[in-house]
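Residue numbers run from 1 in the order of the sequence given.
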Amino acid sequence: MGERRLVRVPPRIQVVRAAFAAAGTGYVASCALGVGVASGLVDLRGARCAHHVAYLVTLVLAGFAAGSLLWSSSRSGWLLLPAAGPLAALAHLGPRMPRHPLVALAAAPFFVAAFIHSRK
């Protein structure tokens, strides 16, 4: 058997990977909270702004991850940029609109693709 060698990942790439992991985690958390509220499993009557905060955190994290195009050699940000469309549309859709969950889920493939690409 051959000898296994550890490859040192440059610090900027580590930051890029962490940024895309954080953006994906924020997106999943926001979706999970939304599903919980819509299904009645989570009661946010005392903290109605919690889902909005999760949405805003997702926007900030996704913006930082996509912004890695400007400060790193990673091109994963190009795969995340199309998610801006559905995320921006959510701000204009009411939470009780039937299309709200569908628009929110439309961003999922871009988060997944960018995350996987950031790991290469």
From CA spacing to verdict: side-chain contact (heavy atoms from CB on, under 4.5 Å), His51, Val37: CA-CA 9 Å; His51 187 54; Val37 169; 5.5 Å; no

Does one hydrophobic cluster hold both Ile13 and Leu79, with members joined at side-chain heavy-atom distances below 4.5 Å? no

Is it the case that over 12 heavy atoms from other parts of the model lie below 6.0 angstrom from the CZ atom of Arg119? yes

Check the hydrophobic clustering (I, L, V, M, F, W, Y; side-chain heavy atoms under 4.5 Å; chains of links allowed) and say if Leu90 and Leu59 are grouped together. yes

Find the distance between CG (Leu33) and CG (Leu41) and round it off to the nearest 0.5 Å. 11.5 Å

Say whether Trp78 and Val112 are linked into one hydrophobic cluster, either directly or through other cluster members, by side-chain heavy-atom distances under 4.5 angstrom. no

How far apart are the C-alpha atoms of Leu81 and Leu69, what are their side-chain angles, what is the distance that settles it, and do they pass the side-chain contact (heavy atoms from CB on, under 4.5 Å) test? CA-CA 10 Å; Leu81 283 178; Leu69 288 168; 4.0 Å; yes

Flag, side chain of Thr58 to backbone of Gly26, donor-acceptor distance under 3.5 Å: yes

Residues Ala89 and Val103: closest non-hydrogen pair is CB-CG1, 4.0 Å

Test log, rule side chain to side chain donor-acceptor pair (under 3.5 Å), inputs Ser72 and Ser74: CA-CA 5 Å; Ser72 78; Ser74 174; 4.7 Å; no

Which atom names give the shortest non-hydrogen contact between Ala65 and Ala23, and what distance separates them? CB-CB, 4.2 Å

Shared hydrophobic cluster, Tyr27 / Leu56 (ILVMFWY, side-chain heavy atoms < 4.5 Å): yes

When the ring centroid of Trp71 is compared with that of Phe64, is the distance short of 6.0 Å? yes

Do side-chain atoms of Tyr55 reach the backbone of Ser30 as a donor and acceptor pair under 3.5 angstrom? no

Which atom pair, heavy atoms only, marks the closest approach of Arg17 to Lys120? NH2-O, 4.0 Å

Nearest 0.5 Å, what's the CZ-CG distance between Phe111 and Leu105? 11.5 Å

Cluster question for you: counting only ILVMFWY and a side-chain heavy-atom cut-off of under 4.5 Å, with indirect links fine, are Val15 and Phe20 together? yes

Provide the closest heavy-atom pair for Pro86 versus Pro82 in the form atom of the first, atom of the second, distance. CD-O, 3.2 Å

Nearest heavy-atom neighbours spanning Ser118 and Val16: CB-CG1, 4.5 Å

